[in-house]
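Structure first, then comments.
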Amino acid sequence: LLFLDLSFNEISNLESDCFDGLRNLNELHLNNNKLQFISNGVFNSKNNFSFLRELYLFDNKLISLLQNTFSRLPPLNIVLDLSRNNLLQL
């Protein structure tokens, strides 16, 4: 699986193992949901997001992000869209 679009699904929570087995994922759309928090570990090395290049989290209800939320994502060529959230701290 290279592309996964979960937008407009009223998702409010992501478990740390929710993307296990999606090692070749290039693009992930989680926009327009009800996410308030992303568990530490959702985007960790166990899930091996080494091919992920685009991550869309806009139009959610995110208030804050933990320091290491995205630390395991590839460092280059990433689109990370956090617009239209309620982020008070990063």
Side-chain angles (χ1 to χ4, degrees):
L1 187 65
L2 300 175
F3 174 86
L4 181 59
D5 188 348
L6 296 171
S7 56
F8 296 97
N9 279 293
E10 299 188 16
I11 297 170
S12 60
N13 184 37
L14 296 175
E15 298 294 328
S16 61
D17 61 350
C18 64
F19 298 113
D20 281 2
L22 299 180
R23 289 172 171 46
N24 295 320
L25 199 60
N26 288 327
E27 193 170 330
L28 178 58
H29 291 252
L30 291 165
N31 52 289
N32 296 92
N33 280 295
K34 295 181 178 182
L35 290 171
Q36 292 182 6
F37 178 78
I38 297 175
S39 298
N40 204 11
V42 171
F43 299 108
N44 70 16
S45 60
K46 178 182 174 189
N47 295 320
N48 194 13
F49 283 99
S50 57
F51 296 106
L52 189 66
R53 296 295 177 255
E54 298 181 34
L55 176 57
Y56 297 94
L57 291 163
F58 62 89
D59 276 331
N60 275 288
K61 305 206 181 297
L62 291 170
I63 296 170
S64 67
L65 296 171
L66 297 173
Q67 183 176 354
N68 296 323
T69 301
F70 304 114
S71 65
R72 302 287 183 162
L73 292 178
L76 301 174
N77 300 322
I78 284 218
V79 173
L80 175 60
D81 190 344
L82 294 167
S83 61
R84 296 187 299 268
N85 277 287
N86 299 322
L87 288 168
L88 300 174
Q89 68 179 29
L90 293 173

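The residues of the chain are indexed from 1 along the displayed sequence.
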Exercise. Determine yes or no for a side-chain-to-main-chain donor-acceptor pair under 3.5 angstrom, with N85 supplying the side chain and N60 the backbone.
Key: yes
Quiz item: Step by step, would you call L28 with F3 a side chain to side chain contact (heavy atoms under 4.5 Å, CB included)?
Solution: CA-CA 6 Å; L28 178 58; F3 174 86; over 6 Å; no
Quiz item: Can you name the one residue among L30, D81, N32 that meets side chain to side chain contact (heavy atoms under 4.5 Å, CB included) with L57?
Solution: L30
Quiz item: Once you round to the nearest 0.5 Å, how far does CD1 of I63 lie from CG of L35?
Solution: 11.5 Å
Quiz item: How are the rings of F49 and F19 set relative to one another: parallel (under 30°), tilted (30 to 60°) or perpendicular (over 60°)?
Solution: perpendicular
Self-check item: CG-CD1 distance between L65 and I38, expressed to the nearest 0.5 angstrom
Solution: 5.5 Å
Quiz item: Between E27 and Y56, is any pair of side-chain heavy atoms under 4.5 Å apart?
Solution: yes
Exercise. Following the transitive rule for hydrophobic clusters with a side-chain heavy-atom cut-off under 4.5 Å over Ile, Leu, Val, Met, Phe, Trp and Tyr, establish whether F8 and I11 coincide in one cluster.
Key: no
Practice problem: Quick one: pull up OG in S83 and CG in D59 and give me the separation to the nearest 0.5 Å. | Solution: 6.5 Å
Exercise. Measure the CG-NZ distance between N13 and K34 for me, rounded to the nearest 0.5 Å.
Key: 13.5 Å
Quiz prompt | Whether N33 side chain and N9 backbone form a donor-acceptor pair below 3.5 Å | solution = yes
Quiz item: Is there a chain of hydrophobic side chains (I, L, V, M, F, W, Y, each step under 4.5 Å between heavy atoms) that links L55 to L1?
Solution: yes
Exercise. Look at the side-chain heavy atoms of Ile, Leu, Val, Met, Phe, Trp and Tyr, link any pair under 4.5 Å apart, and say whether L14 and L4 land in one connected group.
Key: yes
Quiz item: Side chains of S7 and N31: does their closest heavy-atom pair fall under 4.5 Å?
Solution: yes
Quiz item: Can you tell me if D20 uses its side chain to pair, donor with acceptor, with the backbone of C18 under 3.5 Å?
Solution: no
Exercise. First locate atom CG of L52, then atom CG of N24, and finally report the distance between them rounded to the nearest 0.5 Å.
Key: 11.5 Å
Exercise. Give the minimum heavy-atom separation between D5 and H29, together with the two atoms involved.
Key: OD1-CB, 3.5 Å
